[in-house]
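Below is one structure, written out as structure tokens, with a few remarks after it.
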Amino acid sequence: MLDIKLIRENPEFVKQGIANKNEKDRVDELLQLDKQRRDFIARADELKSKRNTVSQQVGQMKKSGQDATEIIAEMKRVGDEIAEYDNKLRSTEEEIDTILRYIPNLPHSSVPVGKTAEENIEVKRWLPDGFKFENDFKQIDHVELGKKLNILDFERGAKISGSGFPLYKGKGATLERSLINFMLDYHLQNHNYSEIFPPFLVNKESMRGTGQLPKMEEDMYHIEKDGLYPIPTAEVPVTNIHRDEILSEKDLPVKYVGYSACFRREAGSYGKESKGFLRVHQFNKVEMVKFVKPETSYDELELLVKDAEDILQALNIPYRILMLCTGDLSFSAAKCYDIETWSPAENKWLEASSCSNFEDFQARRSGIRFRNEQTKKPEFVHTLNGSGLATSRLMVSLLENYQTPEGKVIVPKILHKYTGFNVIE
RNA sequence: GGAGAGGUGGGUGAGUGGCUGAAACCAACGGUUUGCUAAACCGUCGUACUGUGUAAAGCGGUACCGAGGGUUCGAAUCCCUCCCUCUCCGCCA
């Protein structure tokens, strides 16, 4: 959520930012309502003030045995008037809130302006030693490979749950679990995060806090009976850990890493890119979340990307980093880097991580603050998160890049101690 | 699922209609004292909105004692609904 004061004071700046995100703005309407709101507040407060003083007098009069009937009658009328203004105020505030919650975060000034993913900028490419895009043999894709090696079973996954619910078997299951453990351990040991194992179902307030609701409602699973949502990412529960809290400045930055299963409806995206792991309803992800002081958040974003990169370098998987343009940024993000790993069989890059700075957008929505030691005042923290990483796309790149001409898959060396085997055949 | 207890400021915890935005204690912060540390003593110490300041500070107003309604001239305090936590019993992983 944006600060209404920012909008009030810099409406043109805000409109431009929204336009750059390809969204329509309702800023003028909002400012109109804002004005109305303050007017109602002024009137209601004045009357309340009157009521408070007079009510005290009534108390004293009664104590000293005087007759207060007339004053009481008048205050009753004042009370009715107050109620009227309060009602108007409430509906105005509801309108404001609705508009405000649909306004996206503004892009940071360093983000390139652009309409679509075409205009994202590749800022880095990392390839393992001796890597070639054109290999000596034709790699088969992960679906076929998984079937041949009997480690992935998308058909049976579909039988059990529906398409997009992968079933891992045997060494495939072990490899998946090993990847998760490796990534968690790596971040804990080398990047100084503390581990969280969050709930996978969250309430509405949590979904609102991180910005999934109300805009993305269609993309979320929803358990109506209990009012709970299966999480689309661990970002939701982990960021909400500190909802409505005031952290102390000396504890910042707070850095969490946690594993969760992630659930996404992916409404309307059938057909395209939906083969195997490319688009699934349930996947596994290790997520990093940071709560930081505002002035450090862009440095922290770079470090976050570096933390995710380290995993890929340790696994020796080719990747590139994109800086997303304004039009491709998500609703809550001010700046975002995507990390894409190479898939030889698909002959393209696959998004395996997304590292974003939300500045104070989520913090304002969910009331996450810290006490500034200088001013002693609470301020909103900046929140960031990044996948470190999602296993589904990573698994595609891993299986394909590590396959041999004979159709075996070599297990990356760093995973051996987790898997207990070195090859899948 | 059944029965009961309870939700007050950073924490503990008082407070059953006006003198309570809220005692007391702890923590925190500032200071005095001190060779240093500790102790002791003094002081400060909620948040949001809003008005007035060029702005910071300040000052004024309003609201907030789990949430939302209600009663009343006036509600932390009385009534209703909901949420949450805890204890006991039952069931179950």
Side-chain angles (χ1 to χ4, degrees), chain A residues 1-10 30-101 197 199-209 213 223-229 237 240-252 254 261 291 294 360 363-381:
Chain A
M1 188 156 58
L2 294 183
D3 188 354
I4 183 86
K5 286 182 201 142
L6 175 77
I7 302 174
R8 207 183 280 157
E9 284 156 26
N10 309 286
L30 185 70
L31 291 177
Q32 186 68 29
L33 288 165
D34 180 53
K35 211 170 160 191
Q36 204 177 81
R37 168 177 172 269
R38 283 185 292 165
D39 185 49
F40 288 145
I41 287 175
R43 289 163 192 250
D45 279 4
E46 199 181 322
L47 292 172
K48 283 176 186 172
S49 176
K50 184 176 172 187
R51 180 177 66 182
N52 286 345
T53 36
V54 174
S55 287
Q56 288 214 348
Q57 284 169 18
V58 170
Q60 276 158 10
M61 287 170 80
K62 284 200 167 176
K63 209 174 271 178
S64 61
Q66 295 176 58
D67 177 44
T69 324
E70 216 164 288
I71 303 184
I72 287 174
E74 195 200 330
M75 281 308 104
K76 206 174 166 69
R77 283 196 297 275
V78 171
D80 291 343
E81 215 178 323
I82 289 172
E84 231 174 89
Y85 279 121
D86 274 348
N87 282 335
K88 285 183 187 170
L89 178 63
R90 190 182 321 147
S91 65
T92 303
E93 286 189 327
E94 273 167 20
E95 282 182 71
I96 289 174
D97 196 58
T98 306
I99 296 176
L100 217 45
R101 284 189 181 277
F197 204 129
F200 291 0
L201 302 181
V202 299
N203 57 31
K204 200 168 197 158
E205 287 67 43
S206 295
M207 290 293 259
R208 265 203 285 258
L213 292 181
I223 300 168
E224 243 165 89
K225 196 169 181 184
D226 300 287
L228 294 170
Y229 295 81
N240 275 282
I241 288 173
H242 294 300
R243 170 150 50 91
D244 293 323
E245 290 183 14
I246 300 176
L247 306 170
S248 74
E249 183 174 338
K250 62 178 188 296
D251 292 336
L252 300 179
V254 172
F291 304 83
D360 63 6
R364 177 170 288 108
R365 285 185 159 230
S366 39
I368 308 170
R369 295 177 291 175
F370 73 100
R371 194 170 294 280
N372 183 314
E373 278 176 9
Q374 297 268 303
T375 64
K376 310 276 187 244
K377 295 284 180 201
E379 288 176 30
F380 291 112
V381 298

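Side chains are part of it too, since the values below use all heavy atoms of this structure and drop only hydrogens, waters and symmetry mates. Chain A is the first sequence line, chain B the second, and so forth, proteins listed ahead of strands; every chain is numbered from 1.
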What does B/A40 pair with, Watson-Crick or G-U, if both distances are under 3.5 Å?
B/U32
So which nucleotide does B/C88 pair with, by the Watson-Crick or G-U wobble rule with both distances under 3.5 Å?
B/G2
Respond yes when some side-chain nitrogen or oxygen of A/Lys76 is under 4.0 Å from OP1 or OP2 of B/C73, and no when none is.
yes
Out of curiosity, A/Ile82 CD1 to A/Leu89 CG, how far, rounded to the nearest 0.5 Å?
12.5 Å
Review item, nucleotides 81-83 of chain B N/O atoms under 3.5 Å of protein N/O:
none

From CD of A/Gln374 over to P of B/G30, roughly how many Å is that when rounded to an integer?
12 Å
Determine the interatomic distance between C1' on B/U44 and the same-named atom on B/C26; round to the nearest Å.
16 Å
Strictly below 4.0 Å: does A/Ser49 bring a side-chain N or O up to OP1 or OP2 of B/G61?
no
What integer number of Å spans the P atoms of B/U72 and B/G53?
40 Å
Among the candidates B/U50, B/G74, B/G61, find the nucleotide nearest to the side-chain atoms of A/Arg51.
B/G74
Roughly how many Å apart are B/A76 and B/A67, using the C1' atom of each and rounding to a whole number?
15 Å
Of the nucleotides B/U47, B/A63, B/U62, which has the atom closest to the A/Arg369 side chain?
B/U47
Distance between P atoms of B/A22 and B/C65 (Å, rounded):
14 Å
So which nucleotide from B/C49, B/C29, B/G74 ends up closest to the side chain of A/Arg37?
B/C49
Using a 4.0 Å heavy-atom cut-off, does A/Arg364 contact any base of the nucleic acid, only the sugar-phosphate backbone, or nothing at all?
nothing
Residue pair A/Ala44/A/Lys376 against RNA chain B: nearer the 5' end by closest nucleotide is A/Lys376
Give a yes/no on whether any side-chain N or O of A/Arg371 is located under 4.0 angstrom from OP1 or OP2 of B/C45.
no
Please give the nucleotide sitting opposite B/G9 as a Watson-Crick or G-U wobble pair, both distances under 3.5 Å, or none.
none
Taking any strand in view, what nucleotide pairs with B/G46 in a Watson-Crick or G-U wobble way, both distances under 3.5 Å?
B/C64
Is A/Arg369 reaching over with its side chain to a backbone N or O of A/Ile246, donor-acceptor style, under 3.5 angstrom?
no
Residue matched to B/G21 through Watson-Crick or wobble contacts both under 3.5 angstrom:
none
From A/Arg90, A/Glu46, A/Arg43, A/Lys48, residue fulfilling side chain to side chain donor-acceptor pair (under 3.5 Å) relative to A/Tyr85:
A/Arg43
Mapping A/Thr53 and A/Val58 onto RNA chain B by nearest heavy atom, which one lands closer to the 5' end?
A/Thr53
Taking atom C1' in both B/C84 and B/G66, what distance in whole Å separates the two?
7 Å
Would you indicate what A/Ile41 reaches in the nucleic acid, counting non-hydrogen atoms under 4.0 angstrom: base, sugar-phosphate, or nothing?
sugar-phosphate
Please name the nucleotide paired to B/U16 by Watson-Crick or G-U wobble geometry with both distances under 3.5 Å, or report none.
none
Which value, in whole Å, describes the distance between the C1' atoms of nucleotides B/A63 and B/A55?
27 Å
A/Arg38 side chain N/O closer than 4.0 Å to the phosphate oxygens (OP1, OP2) of B/C49?
no
Phosphate-side-chain proximity, A/Asn52 and B/U62, N/O vs OP1/OP2 below 4.0 Å:
yes
Watson-Crick or G-U wobble mate for B/G51, both contacts under 3.5 Å:
B/C59
Atom C1', compared across B/U33 and B/G43: separation rounded to whole Å:
15 Å
In B/G53, glycosidic geometry as syn within 90° of 0 or anti otherwise
syn
Can you tell me, in whole Å, how much space there is between the P of B/G6 and that of B/G15?
13 Å
Does A/Asp39 pair with A/Lys35 as a salt bridge, N-O distance under 4.0 Å?
no
Counter-base of B/U72, judged by Watson-Crick or G-U geometry with both distances under 3.5 Å:
none
Side chain of A/Lys48: nearest nucleotide among B/G74, B/U50, B/A63?
B/A63
